[in-house]
Amino acid sequence: MAAIPRVVKDDLRYDAVPWARFDHAYGSAQDVPALLETVRLGDARASEGALATLWNRLAHQGGTSTAGALAVPFLLRVAFAHPRHRASLVRLTASVAHRMPWGDGTRGGLLRVGLPADRPRYEQDGSLANRSIEAARSAVAADAALLLHLLDDPDPEVRHAVAQAAAVVPPPAPVVAAVLHGRLAVEEDPAVRASLVLALGQLAWETRDPATTALLHAWWRDEARPPEVRVGAALAWLCLTDDPIPADLDAFLDTAVTDDLVELLAAVPWLDAVEDLDERNGLLVCLHQMRHPEDFAWLAD
């Protein structure tokens with residue numbers, strides 16, 4: 001990833017990358033450039049099919065691949081230039097740079113991006129998932145400025161996806177965090193605000209950054225803030241601390257988590273990933289897992 005020159009990425013010079021040396025879930029990655037180019041050209045039917053194939057090849061059943069990491073710079077540039085499939089392309093970028101979530105909304109899992117170094121996992125293409133995720137995260141970090149520019153996109157689905165993808169950048173990421181903070185101050189969509197809060201928590205998760213932990217604690221306690229920000233901050237704070245859930249936080253969540261809020265936050269990528277099939281109840285599932293971790297010990301395996 002580090003050896004790919006910027007001009008290769010910016011000019012979409014797919015042929016400069018040795019795709020045939022790498023694999024995805026269905027074999028050789030040499031078909032990836034043609035799929036990317038078909039999406040870029042934008043023909044309605046052809047681009048839809050190519051995008052679906054890219055998802056299936058690069059992030060099959062929620063996994064990742066070496067080809068997925070190599071595709072990150074091109075996914076972002078095609079997304080930036082062509083809004084038709086922008087949200088899906090950015091979500092795919094986030095997916096290949098993230099461990100398979102397995103419906104994990106626990107305090108130890110909701111904001112976890114990578115895999116423990118001492119617990120290697122292999123993808124369907126035979127690659128070491130730990131390394132593929134690390135490479136993809138580095139690729140996102142290298143193009144963070146391009147990605148963050150899309151926070152101004154008028155489509156909230158794109159802004160959700162950008163928050164999700166930006167949050168995979170390895171620490172330290174002060175510039176990314178500062179841009180997300182700035183967007184939160186002007187964001188008008190409530191669900192996107194929750195995504196931005198969770199993204200800030202995820203950026204701090206690996207280091208358990210004390211400043212972010214303190215800020216999130218202050219946010220969920222601040223009655224002047226809207227409920228989606230307070231609930232998002234509460235979830236993120238619980239992931240950043242090992243303290244028992246305070247009684248006042250439990251009481252706040254019982255009051256704030258209404259049916260309307262559960263439906264509203266169903267669009268948040270972190271909660272969408274843990275919801276029951278077709279139920280749009282990710283927030284409820286997440287809270288149940290956080291409050292009763294003894295019932296979900298298998299998620300830590």
Engineer: Does atom CD (Glu134) have a neighbourhood of more than 12 heavy atoms from anything else shown, all under 6.0 Å?
Structural biologist: no
Engineer: Give the ring-plane orientation class for Trp237 versus His217, where under 30° counts as parallel, over 60° as perpendicular and anything between as tilted.
Structural biologist: tilted
Engineer: Side chains of Thr66 and Ser132: does their closest heavy-atom pair fall under 4.5 Å?
Structural biologist: yes
Engineer: Let me see the working for Arg40 and Leu36 under side chain to side chain contact (heavy atoms under 4.5 Å, CB included), right down to the final yes or no.
Structural biologist: CA-CA 6 Å; Arg40 186 190 71 83; Leu36 287 164; over 6 Å; no
Engineer: Thinking salt bridges, do Arg6 and Asp143 make one under a 4.0 Å N-O criterion?
Structural biologist: yes
Engineer: Taking C-beta and beyond as the side chain, do Phe22 and Gln30 meet within less than 4.5 Å on heavy atoms?
Structural biologist: no
Engineer: For Thr64 and Met100, what are the C-alpha separation, side-chain angles and deciding distance, and is it a side chain to side chain contact (heavy atoms under 4.5 Å, CB included)?
Structural biologist: CA-CA 8 Å; Thr64 186; Met100 187 180 293; over 6 Å; no
Engineer: Do the non-hydrogen side-chain atoms of Arg112 and Asp104 ever get within less than 4.5 Å of each other?
Structural biologist: no
Engineer: Contact between Phe74 and Val17 at the side-chain level, heavy atoms closer than 4.5 Å - yes or no?
Structural biologist: yes
Engineer: Using the rule that two of Ile, Leu, Val, Met, Phe, Trp, Tyr join whenever any of their side-chain heavy atoms come within less than 4.5 Å, decide whether Val197 and Phe252 are in one cluster.
Structural biologist: yes
Engineer: Below 30° counts as parallel, above 60° as perpendicular, anything between as tilted: where do the rings of Tyr26 and His60 land?
Structural biologist: perpendicular
Engineer: Is it the case that Arg208 places NZ or CZ above or below the six-membered ring of Trp205, under 6.0 angstrom from the centre and within 45 degrees of the axis?
Structural biologist: yes
Engineer: Can you check whether Leu261 reaches Leu264 side chain to side chain, under 4.5 Å on heavy atoms?
Structural biologist: yes
Engineer: Would you please say whether a donor-acceptor pair under 3.5 Å links the side chains of His85 and Ser47?
Structural biologist: yes
Engineer: What distance separates Trp219 CH2 from Thr212 OG1, expressed to the nearest 0.5 Å?
Structural biologist: 8.5 Å
Engineer: Any chance you could measure Asp23, atom CG, to Leu70, atom CG, to the nearest 0.5 Å?
Structural biologist: 11.0 Å
Engineer: Less than 3.5 Å apart, any donor N or O on the side chain of Thr207 or Asp209 sitting next to an acceptor on the other?
Structural biologist: no
Engineer: What heavy-atom pair brings Trp220 and Pro246 nearest, and what distance separates the two atoms?
Structural biologist: CZ2-CG, 4.5 Å
Engineer: Say whether Val257 and Val274 are linked into one hydrophobic cluster, either directly or through other cluster members, by side-chain heavy-atom distances under 4.5 angstrom.
Structural biologist: no
Engineer: Let me see the working for Arg230 and Asp222 under salt bridge (charged side-chain N to carboxylate O under 4.0 Å, His left out), right down to the final yes or no.
Structural biologist: CA-CA 7 Å; Arg230 295 185 68 192; Asp222 185 356; over 6 Å; no
Engineer: Applying salt bridge (charged side-chain N to carboxylate O under 4.0 Å, His left out), run through Glu263 and Arg280 and close with a yes or a no.
Structural biologist: CA-CA 7 Å; Glu263 176 65 24; Arg280 295 180 61 82; 2.9 Å; yes
Engineer: Considering only NZ, NE, NH1 and NH2 on the basic side and carboxylate oxygens on the acidic side, decide whether Glu187 and Arg193 come within less than 4.0 Å.
Structural biologist: no
Engineer: Would Trp55 and Ser88 count as a side-chain hydrogen bond (donor to acceptor under 3.5 Å, both in side chains) if you check the C-alpha gap in whole Å, the side-chain angles of each, and the deciding distance to 0.1 Å?
Structural biologist: CA-CA 9 Å; Trp55 267 96; Ser88 186; 2.9 Å; yes
Engineer: Using distance alone, with no hydrogens and no angle criterion, decide if His24 and Asp31 have a side-chain donor and acceptor under 3.5 Å apart.
Structural biologist: yes
Engineer: Looking only at heavy atoms, what is the nearest atom pair of Leu115 and Asn130, with distance?
Structural biologist: CB-ND2, 3.5 Å
Engineer: So that I can tick it off, tell me whether Asp153 and Arg86 are bridged by a salt bridge, with the cut-off set at under 4.0 angstrom between side-chain N and carboxylate O.
Structural biologist: yes
Engineer: Let me check something: do Val285 and Val268 share a hydrophobic cluster, defined by ILVMFWY side-chain heavy atoms less than 4.5 Å apart, either directly or through other members?
Structural biologist: no
Engineer: Between atom CG of Leu196 and atom CG of Leu184, what is the distance when rounded to the nearest 0.5 Å?
Structural biologist: 5.5 Å
Engineer: Is any side-chain N of the basic residue among Asp254 and Arg291 closer than 4.0 Å to the acidic one's carboxylate O?
Structural biologist: yes
Engineer: Rounded to the nearest 0.5 Å, what separates atom CG in Leu200 from atom CD in Gln202?
Structural biologist: 10.5 Å
Engineer: Which heavy atom of Ser28 sits nearest to which heavy atom of Ala20, and what is that distance?
Structural biologist: OG-CA, 3.8 Å
Engineer: State the CG-CD distance between Asp272 and Gln164, to the nearest 0.5 angstrom.
Structural biologist: 8.5 Å
Engineer: Under the salt bridge (charged side-chain N to carboxylate O under 4.0 Å, His left out) rule, what do Arg221 and Asp248 come out as? Steps first, then yes or no, please.
Structural biologist: CA-CA 9 Å; Arg221 293 179 61 88; Asp248 58 339; 2.5 Å; yes
Engineer: Answer whether the closest heavy-atom distance between the side chains of Val32 and Arg57 falls below 4.5 Å.
Structural biologist: no
Engineer: With the side chain counted from C-beta on, respond yes when Met290 and Cys239 share a heavy-atom pair under 4.5 Å apart, and no when they do not.
Structural biologist: yes
Engineer: For Arg84 and Asp155, run salt bridge (charged side-chain N to carboxylate O under 4.0 Å, His left out): C-alpha distance rounded to whole Å, both residues' side-chain angles, the deciding distance at 0.1 Å, then the answer.
Structural biologist: CA-CA 11 Å; Arg84 178 180 179 84; Asp155 183 356; over 6 Å; no
Engineer: Is it true that Glu37 and Arg77 have a side-chain N and a carboxylate O under 4.0 angstrom from each other?
Structural biologist: no
Engineer: Can you get from Val90 to Leu198 by hopping between Ile, Leu, Val, Met, Phe, Trp and Tyr side chains that sit under 4.5 Å apart?
Structural biologist: yes
Engineer: For Asp242, I'd like to know if atom CG has over 12 heavy atoms of other residues, nucleotides or ligands within 6.0 Å.
Structural biologist: no
Engineer: For Asp295, does the CG atom have more than 12 heavy-atom neighbours from other residues, nucleotides or ligands under 6.0 Å away?
Structural biologist: yes
Engineer: If every non-hydrogen atom of Ser195 is compared with every non-hydrogen atom of His160, which pair is closest and at what distance?
Structural biologist: OG-ND1, 2.7 Å
Engineer: If Ile, Leu, Val, Met, Phe, Trp and Tyr residues are connected whenever their side-chain heavy atoms lie under 4.5 Å apart, and connections chain through other members, are Ile133 and Val72 in the same group?
Structural biologist: no
Engineer: Should Cys286 and Leu110 count as side-chain neighbours, where that means a heavy-atom distance under 4.5 Å?
Structural biologist: yes
Engineer: Stepwise, does the side chain to side chain contact (heavy atoms under 4.5 Å, CB included) test hold for Arg183 with His181?
Structural biologist: CA-CA 5 Å; Arg183 181 66 211 183; His181 272 285; over 6 Å; no
Engineer: Tell me the closest heavy-atom pair linking Leu111 and Gly201, and the distance in Å.
Structural biologist: CD1-C, 3.6 Å
Engineer: Shortest non-hydrogen contact from Leu216 to Ala236?
Structural biologist: CD1-CB, 3.6 Å
Engineer: May I ask you to decide if the ring planes of His149 and Phe80 are parallel, tilted or perpendicular, using 30° and 60° as cut-offs?
Structural biologist: tilted
Engineer: Going by atom types only, do Asp260 and Thr258 share a side-chain donor-acceptor pair under 3.5 Å?
Structural biologist: no
Engineer: Report yes or no: does Asn281 contribute a side-chain atom to a donor-acceptor pair with the main-chain N or O of Asp276 at less than 3.5 Å?
Structural biologist: yes
Engineer: As a quick check of understanding, evaluate side chain to side chain contact (heavy atoms under 4.5 Å, CB included) for Leu249 and Leu238, giving each step before the final call.
Structural biologist: CA-CA 10 Å; Leu249 176 52; Leu238 286 170; 3.8 Å; yes
Engineer: About how many Å separate NZ of Lys9 and OH of Tyr14, when rounded to the nearest 0.5 Å?
Structural biologist: 14.0 Å
Engineer: Is there a donor-acceptor pair under 3.5 Å between the side chain of Arg159 and the backbone N or O of Pro154?
Structural biologist: yes
